[in-house]
Amino acid sequence: MAPKVLMVAEKPSIALSIATALSGGRMSTRRGSTDVHQFEGKFRGFLVEYRVTSVIGHVFSIDFPPKYQNWELTDPMDLFDAPTIKSESNPKAHIRRHLHQEARGCGHLILWLDCDREGENICYEVLECSGFLETEGKKIYRARFSSVTEKDILKAMDNLAAPNKDEALAVDARQEIDLKVGVAFTRFQTRFFQGRYGNLDSRIISYGPCQTPTLGFCVQRHLQITTFKPEKFWSLNAYIFKDGYELQLDWDRNKVFDFDVAVMFQKLVTDDGILKISNLSKKEETKTRPCGLNTVNLLKVASSSLGFGPQMTMQLAERLYTQGFISYPRTESTAYPSSFDFRSVLDAQLNNPLWGDLVRSLLANGFHKPRSGSDAGDHPPITPMRSANEDMLGNDAWKLYQYVCQHFIGTVCPDCKHIRTKVEFACGGEIFYCVGQQVTAKGFTSIMPWLAISEKKLPSFSKGDRIKIPKVDIYEGNTSPPDYLSESDLISLMEKNGIGTDASISVHINNICERNYVQVTSGRRLTPTALGTTLIRGYQCIDPDLCLPEIRSFIEQQITFIAKGEADHSRVVEHCLQQFAQKYSYFVKQIENMDALFEAQFSSLAQSGRLLSKCGKCTRYMKYIPNQPTRLYCVTCEEVYYLPQNGTIKLYKELTCPLDSFELLLFSMAGPDAKSFPLCPYCYNSPPFEGIETLFGSLKLGDSKKLGKGAGMPCFLCPHPTCRHSMITQGVCACPECNGTLILDPVSAPKWRLYCNMCNCIIFLPEGAHRISTTDKKCSECDSTIIEVDFNKKSTPLKDGATLHIGCILCDELLHSLVEMKHGKSFFKRRGGRGRGRRRGRGRGRGKNDDPKMSFRDF
DNA sequence: GCAAGGTC
C-alpha cells in the first residue's frame with residue numbers, strides 16, 4: 001500500500017486549492033468535519049496517497065480553569081498567576097478528532113497553515129491533535145507559500161521546511177497576556193462600577209489592550225472638540241474681471257489672526273491697485289491608479305462611501321467570498337504576486353453591462369499591472385472572481401461587489417493625467433494666486449468617478465500682464481473644531497498604531513459600540529458616550545498608559561523577542577504579566593479617582609428609580625432602578641439587589657419571603673409567550689452553594705453550564721445551579737396547621753421545602769420533585785389544598801411524565817390513597833400499619849416509617 | 001459575564 005501523506009491547511013478553501021493544484025483536479029473528496037481531498041501522486045520520488053484537509057482557524061482557545069470562573073470568589077489579581085487551559089474553540093466541529101483520525105496511518109504531515117505567526121501557532125495545534133509529535137519516525141514539514149497559485153504551491157512543495165516553534169510560542173504568549181490583562185481589568189472595573197450609579201446602563205465594563213486604545217482615539221477627538229476655543233481670523237479676497245467673468249483669487253498668506261494686520265495688508269493692496277502676473281506655471285500631473293485592495297481599505301471605503309459599518313462589510317464580504325464572487329477578504333497585502341493572472345479576472349467581467357465595454361477595451365488594447373503595493377505575504381488583494389449582477393447578490397452585497405470590481409478594474413487602468421496651471425499675482429508686496437485643472441486622460445477615474453479630478457478653467461494669462469483690482473475684501477471667519485472621528489479615520493488610526501488585524505479591526509469597533517462606549521452618528525462618525533468618555537478620562541488620571549496605543553505595541557514588541565528566538569517564552573510572559581499586575585494593583589488602589597469622575601457624570605442610586613418593595617432588613621421600601629442592569633437599591637442599608645434582566649417586575653401578592661422577610665416580586669419575561677415567576681430579591685442575590693449533593697452528583701461552582709441537556713431548565717430566580725424554580729407555576733397553598741400560606745423555599749432545590757409564613761412550619765417534599773403546583777381539590781380530612789408534584793425522570797423510578805398527586809400534607813393516611821400516576825402505576829407500595837391517629841408532627845423531625853419514601857417529612 | 005486572534 002502506498003505511504004500516506006497528510007496535509008492540513010488553515011481553511012477549507014485553501015485545502016481545496018492545494019489539492020486541485022497538486023492533483024491537477026483529479027482527486028476524490030470525502031465529507032468530514034472539514035472536507036478531505038484524496039489523490040495519488042509522487043512525494044520525494046515515491047508514489048504516495050495524499051490526504052488534504054483543513055482546520056477552521058485556531059483549533060484551541062485559551063481560558064481559565066473552572067475554579068477561576070466565579071467572579072465573586074476570584075480576586076482578579078490572582079488571575080495574573082493563574083494557570084490557563086486550552087480547549088477546543090468549536091467543540092461541535094470536532095476538529096481535534098478529525099485530525100486525529102485523518103493522521104492515522106500517515107507517515108508524513110505537511111503543514112499548509114497561513115504563513116504568519118498565527119498560522120505557525122496553528123501548526124502546533126495541528127501537531128498536537130494529530131499525535132505526530134509523540135510518534136517516532138513520523139515526518140513533519142512546513143510548506144511556506146505566499147499565494148495558493150499552482151506555481152507557488154509546487155514551489156513550496158520543493159522547499160519544505162520545519163515549523164517555527166518560536167513564532168508559535170510568541171502567539172501563545174500574546175494569548176496568555178491578553179487573556180489575563182483583559183479579564184482581570186474587566187472583572188474588577190465591572191464589579192466596581194456595576195450597579196453603583198442609577199443611569200449607568202452597561203452590564204459589562206470591559207477593558208482590553210485593543211478595544212481600550214480604540215476607544216481612546218474616539219475620546220481624544222471628543223476632548224479636542226469640547227475643549228476647542230474658536231479663534232477669529234481674517235483673510236483677503238481679491239477679485240478680478242477677466243474675459244468677461246469674475247475670478248476670486250486666493251491669498252498666499254491664507255489668513256491672519258489680527259484684524260489690524262489684515263487691514264494693513266488690505267491698504268497695501270488697494271494702494272497699489274494693480275496685480276502683476278509674477279509667475280505662471282503649467283505642468284502635467286499624474287494621479288496614480290490604485291494598488292490592490294486590502295481589508296482595511298475596503299472597510300474604509302465601505303464606511304465612508306457605502307455607509308456600511310465594518311461588521312456588516314465583513315459579513316457581506318465573507319458571504320461574497322464563500323459564494324465565490326470575490327477572493328479571500330481578510331488580507332493585508334495591496335500587491336499582487338508576480339504570477340497573478342489579471343487577464344482571467346478581467347475575462348470574467350466581460351459581460352457586465354456597466355463596465356463590460358471598458359474591460360473589453362482594456363483586454364484589446366492592453367492593460368497595466370496595478371501600482372506596486374506592499375506584499376504582507378498573507379493573501380492576494382481582494383479581487384472579483386465570478387461575474388455577478390444585483391439580482392444574484394441582493395442590494396447591499398451588490399454594492400460591495402460592485403466596488404471590489406470597480407477598484408480592481410481601476411488598478412489595471414492607466415493613470416489619470418491632468419494639467420495644473422497656477423497663476424501668481426503680485427500686488428503691494430502681497431501674493432495672490434489661482435489654480436486651474438484640465439484633465440487630459442481620465443484613466444482609472446472613468447471607472448472610479450468619485451476620484452475624478454474636477455476641471456477648472458482659467459482665462460488666459462501671460463506673465464507680466466497687469467490687471468486692475470476692482471475690489472479687495474476682508475473676510476472674517478472663525479476657526480472651527482475638527483469633526484468627530486469617522487469610522488474610516490478610526491480604521492486608519494488603528495492600522496497606523498498596530499491595533500488589531502485585518503480580521504479583528506471590525507470586531508474591536510463593534511465591541512466599543514456594543515459596550516455603549518461610542519455611538520455611530522450621521523456620516524458614520526463615532527461619538528463617545530458619557531461612559532466611554534468617563535472611562536478614558538479615568539485611565540488618563542490614574543495611568544494614561546492603560547488607554548494609549550503603545551500598550552498594544554509593547555506587547556507586540558515583547559512577543560517579537562520570542563518569535564525571533566531572542567528571549568525565552570516563559571520569561572517574557574512572566575515579565576509582561578508582572579508589569580501589568582503592578583499596573584493593575586495601582587489601578588485598584590487609585591480607583592476612587594476614577595469613581596470621582598463617574599460620580600460627577602452619573603446620578604447616584606439614591607437619586608434614581610422609584611420605590612417598589614420592602615427590604616427585609618430595615619423594612620423600608622427599596623428603589624427599583626430600571627436602567628440596565630435592573631436592580632433594587634435600599635437607600636437605608638445602601639445595598640444593591642440585582643434582578644433578572646430583560647423583563648418587567650412588580651410586587652407579588654404582597655407576600656414576603658419566609659427566609660429573610662424581603663417582599664416577593666413577580667418577574668415577567670419579555671416577548672409574546674412571556675413566562676412569569678416570583679422571586680425573592682435577597683435569595684436571588686445569595687451566593688450559590690458549593691459541594692451540595694444533587695441529582696447530578698456533587699456540585700461544584702460553575703457547574704451549572706455542565707448540567708446541560710436533560711438537567712431541565714436552570715432557575716431564573718436564584719444562583720443555585722440546580723434550582724428549578726422557574727418551573728413552578730404556583731408555589732403556594734394553604735398551610736394545614738394554621739391555614740397560613742405555604743411558600744416554596746427558593747434555595748432548597750433539589751429538596752423542595754415549603755414554609756408557612758404564619759407558623760414557620762416546614763414541610764419537606766420528596767427529592768426529585770421538580771414542579772409543584774396547587775390543585776383545586778381539597779383534602780376531605782382537613783380541608784387543606786391538595787398539591788401536585790411532578791418528578792424529573794432521572795430522579796425517581798417513575799416513567800417519563802409521571803405525576804404524583806399528593807394529598808393533604810398533614811393527614812398522612814390520605815397520602816396513600818391519593819397517590820396515582822398518569823401512567824397507571826403506583827409510586828408508593830401499599831403497606832399496612834399506617835392510618836389514622838399517627839403522630840401529626842410538624843417541621844423537620846424524621847418520622848419512624850417502615851418505608852422512608854412514604855412520608856414527606858422523611859426527606 | 002471577561003481579551004484577542006483565527007475562521008464560518
Side-chain angles (χ1 to χ4, degrees), chain A residues 9-15 33-35 54-64 68-72 74 76 79-80 82 84 86 88-90 92-93 95 113-114 116-126 168 170-191 194-195 202-214 295 314-323 328-331 378-379 494 498-512 514-515 551-552 555-556 559 577 580 628-629 642 645 702 704-705 719:
Chain A
E10 192 158 320
K11 41 189 165 284
S13 61
I14 302 242
S33 296
T34 53
D35 287 355
S54 77
V55 291
I56 315 166
H58 274 289
V59 183
F60 299 110
S61 49
I62 187 172
D63 206 346
F64 294 109
Y68 295 87
Q69 298 292 357
N70 189 291
W71 289 42
E72 311 299 317
T74 309
L79 294 175
F80 289 99
T84 56
K86 284 204 175 190
E88 268 194 273
S89 307
N90 183 359
K92 284 184 192 157
I95 296 296
L113 286 305
D114 290 359
D116 52 22
R117 276 185 200 163
E118 297 297 330
E120 223 57 35
N121 187 270
I122 304 175
C123 281
Y124 284 86
E125 297 185 337
V126 171
V171 171
D172 279 342
R174 198 219 66 235
Q175 291 177 344
E176 186 175 342
I177 297 165
D178 282 348
L179 173 77
K180 291 186 168 177
V181 174
V183 173
F185 275 90
T186 300
R187 284 195 193 170
F188 168 71
Q189 61 184 30
T190 300
R191 274 171 42 80
Q194 202 180 47
S202 190
R203 300 205 61 225
I204 296 274
I205 303 177
S206 58
Y207 176 86
C210 283
Q211 56 171 271
T212 305
T214 302
T295 309
M314 289 315 288
Q315 279 167 5
L316 292 171
E318 182 70 41
R319 220 180 73 210
L320 289 171
Y321 160 67
T322 47
Q323 294 173 345
Y328 190 64
R330 285 182 280 270
T331 177
D378 50 357
H379 300 87
M494 292 173 75
I499 307 286
T501 65
D502 42 38
S504 69
I505 278 182
S506 64
V507 179
H508 299 313
I509 297 181
N510 198 50
N511 265 342
I512 60 171
E514 282 201 332
R515 298 275 151 77
I551 205 132
R552 186 82 217 149
I555 298 174
E556 286 296 325
I559 63 163
L577 288 175
F580 279 110
Q628 281 215 331
Y642 291 98
Q645 304 298 307
S704 51
K705 276 187 196 161

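Order of the sequence lines sets the chain letters (A, B, ...), proteins ahead of strands, with each chain counted from 1. Just the heavy atoms: all of them, side chains too, but no hydrogens, waters or symmetry mates, feed the values below.
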Completion exercise
Hits for ring-ring contact (aromatic ring centres under 6.0 Å, His included) against Phe580(A), two or more places apart or cross-chain, chain-then-number order -> none

Practice task
State which residues pass ring-ring contact (aromatic ring centres under 6.0 Å, His included) with His379(A); sequence neighbours excluded, sorted by chain then number.
Solution key: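 So His379(A) forms a ring-ring contact (aromatic ring centres under 6.0 Å, His included) with Tyr328(A).
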
Hey, does the side chain of [X] come within less than 4.0 Å of [N]'s phosphate (OP1/OP2), counting only N and O?
X: Arg552(A); N: dA3(B); answer: no
X: Thr501(A); N: dG6(B); answer: yes
X: His508(A); N: dG5(B); answer: yes
X: Tyr321(A); N: dT7(B); answer: no
X: Gln211(A); N: dA4(B); answer: yes

Handout entry: Ser54(A) side chain vs Glu10(A) backbone, donor-acceptor pair below 3.5 Å
Key =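 No; zero donor-acceptor contacts below 3.5 Å.
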
For a quick check of understanding: with a heavy-atom distance under 4.0 Å over all strands, which category does [X] fall into, base, sugar-phosphate or nothing?
X: Gln194(A); value: base
X: Phe185(A); value: nothing
X: Asp378(A); value: nothing
X: Gly119(A); value: nothing

Practice task
Choose from dC2(B), dG5(B), dC8(B) the nucleotide whose nearest atom is closest to any side-chain atom of Ile56(A).
Solution key: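 Of the options given, the side chain of Ile56(A) lies nearest dC8(B).
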
Practice task
Just compare dG1(B), dA3(B), dC8(B) and give me whichever is closest to any side-chain atom of Glu318(A).
Solution key: dC8(B)

Exercise for the section: Please step through salt bridge (Lys or Arg N to Asp or Glu O under 4.0 Å) for the pair Glu72(A) and Arg191(A), ending with a clear verdict. Expected result: CA-CA 9 Å; Glu72(A) 311 299 317; Arg191(A) 274 171 42 80; 2.9 Å; yes

